[in-house]
Amino acid sequence: MAATVKYDDVQTGQEIPAVDYPVRRVSLVMYAGASGDFNPIHWNERFAKTVGLPDVIAHGMYTMAQAGRFVTDWAGDPGAIVDYGVRFSSMVVVPDDEQGTVITVSGVVEQKLEDKRVVIALTARSGDSRVLSKARAVVQLA
């Protein structure tokens with residue numbers, strides 16, 4: 001598979017429109033099963049509150065994965081990410097209701113590199129909080 005976005009078609013400063021990723025408690029339980037991370041702060045409200053959290057919180061790596069998904073969906077190829085890193089800056093609190101919460105991810109082409117690669121600066125928010133900081137992906141384009 002190859003990226004569908006063409007290097008010559010993107011410009012530095014170009015915005016990639018935001019995408020909303022819904023998160024419900026069942027999403028966290030499924031992620032726990034896939035990752036093997038069954039820490040009760042990610043599924044047990046009573047436990048999460050006893051350790052000082054406001055409620056159940058999403059796995060940091062789950063949040064990071066949603067931003068990665070944003071990049072691969074934009075590029076058109078899950079193998080297009082050459083380098084990827086983030087810092088976790090806030091928790092994604094997931095209430096126990098039918099709506100859950102939303103992680104909103106957007107991006108901007110920060111730099112064009114050699115060999116048809118670009119640096120994408122990502123913004124990930126949940127509610128009023130920025131949940132990832134210094135989030136960057138280097139993407140190989142067509």
Side-chain angles (χ1 to χ4, degrees), residues 1-45 47-49 51-142:
M1 196 172 202
T4 57
V5 176
K6 306 266 190 259
Y7 180 83
D8 292 336
D9 293 341
V10 298
Q11 302 302 320
T12 301
Q14 178 179 331
E15 293 185 15
I16 303 169
V19 175
D20 289 339
Y21 298 97
V23 186
R24 294 184 14 236
R25 294 270 177 98
V26 68
S27 309
L28 303 182
V29 172
M30 291 187 306
Y31 183 80
S35 69
D37 182 352
F38 291 98
N39 187 323
I41 64 172
H42 302 304
W43 56 270
N44 184 314
E45 182 174 338
F47 182 83
K49 288 182 177 182
V51 297
L53 296 170
D55 207 329
V56 164
I57 62 169
H59 304 73
M61 296 302 285
Y62 177 89
T63 303
M64 184 178 179
Q66 299 314 304
R69 176 180 167 194
F70 171 81
V71 175
T72 60
D73 286 351
W74 170 75
D77 178 6
I81 294 180
V82 176
D83 189 39
Y84 180 47
V86 306
R87 288 203 178 155
F88 302 106
S89 53
S90 188
M91 298 175 284
V92 175
V93 178
V94 183
D96 188 18
D97 58 25
E98 292 303 313
Q99 288 76 37
T101 193
V102 172
I103 299 170
T104 302
V105 183
S106 61
V108 63
V109 177
E110 187 174 73
Q111 185 179 4
K112 290 182 83 170
L113 306 172
E114 296 176 1
D115 298 327
K116 297 185 178 182
R117 294 179 179 191
V118 295
V119 177
I120 305 296
L122 300 162
T123 301
R125 303 186 73 77
S126 183
D128 293 331
S129 298
R130 188 173 185 162
V131 296
L132 299 177
S133 62
K134 298 187 179 185
R136 301 279 184 282
V138 177
V139 183
Q140 181 71 56
L141 299 181

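Along the sequence shown, residues carry numbers from 1. Only a predicted model underlies this, so the values are computations on that prediction, with no experimental measurement involved.
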Heavy atoms only: give me the nearest Gly13-Val108 pair and the separation to one decimal. O-CG2, 3.4 Å

Within the structure provided, determine whether Val10 and Leu141 are in side-chain contact (heavy-atom separation under 4.5 Å). yes

Closest contact, heavy atoms only, Glu98 versus Arg24: O-CD, 3.1 Å

Below 4.5 Å, heavy atoms only, C-beta onward: do Val56 and Val93 meet side chain to side chain? no

Any non-hydrogen side-chain atom of Leu28 less than 4.5 Å from a side-chain atom of Val26? no

Rounded to the nearest 0.5 angstrom, the CG-CG distance for Asp55 and Asn44 is 10.5 Å

Glu45 vs Arg25 side-chain heavy atoms within contact, under 4.5 Å: yes

Can you name the closest pair of heavy atoms from Ser126 and Val102 and give their distance? OG-O, 3.3 Å

Measure the shortest side-chain to side-chain distance between Ile16 and Ile120 over non-hydrogen atoms and say whether it is less than 4.5 angstrom. yes

Stepwise, does the side-chain contact (heavy atoms from CB on, under 4.5 Å) test hold for Lys112 with Arg117? CA-CA 6 Å; Lys112 290 182 83 170; Arg117 294 179 179 191; over 6 Å; no

Heavy-atom closest pair (Ala67 atom, Leu132 atom, distance to 0.1 Å) is CB-CD1, 3.8 Å

For the atom pair OH (Tyr21) and CZ (Phe70), what is the distance rounded to the nearest 0.5 Å? 6.5 Å

Nearest-0.5 Å distance that lies between atom CG in Asp8 and atom CD in Gln11: 8.5 Å

Carefully, step by step, assess Leu122 and Tyr84 under the rule side-chain contact (heavy atoms from CB on, under 4.5 Å). CA-CA 10 Å; Leu122 300 162; Tyr84 180 47; 3.8 Å; yes

List the atom of Gln140, the atom of Asp115, and the distance in Å for their closest heavy-atom pair. NE2-O, 2.6 Å

Tightest non-hydrogen contact, residues Pro22 and Ser27, listed as O-OG, 4.5 Å

Between His59 and His42, what is the ring plane arrangement, given parallel below 30°, perpendicular above 60°, and tilted in between? parallel

Intermediate values then yes/no, side-chain contact (heavy atoms from CB on, under 4.5 Å), Thr104 and Val19: CA-CA 6 Å; Thr104 302; Val19 175; over 6 Å; no

Could you state the interatomic distance from OG1 (Thr4) to CH2 (Trp74), rounded to the nearest 0.5 Å? 9.0 Å

Working to the nearest 0.5 Å, report the span between CD1 of Ile57 and CD1 of Ile41. 4.0 Å

For the residue pair Ile103 and Val92, establish whether any side-chain heavy-atom pair is separated by less than 4.5 Å. yes

Nearest 0.5 Å please: distance from the CZ atom of Arg87 over to the CZ atom of Arg130. 12.5 Å

Do the side chains of Leu113 and Val118 get nearer than 4.5 Å, heavy atoms only? no

Determine, for Asp20 against Arg125, whether the closest basic-nitrogen to carboxylate-oxygen distance falls under 4.0 angstrom. no

Mark yes or no for whether Ser35, through its side chain, and Asp37, through its backbone, hold a donor-acceptor pair below 3.5 Å. yes

Beyond-backbone contact of Met91 with Pro54, side-chain heavy atoms, under 4.5 angstrom: yes

Take Val109 and Val119 through the test side-chain contact (heavy atoms from CB on, under 4.5 Å) and record every step on the way to the result. CA-CA 6 Å; Val109 177; Val119 177; over 6 Å; no

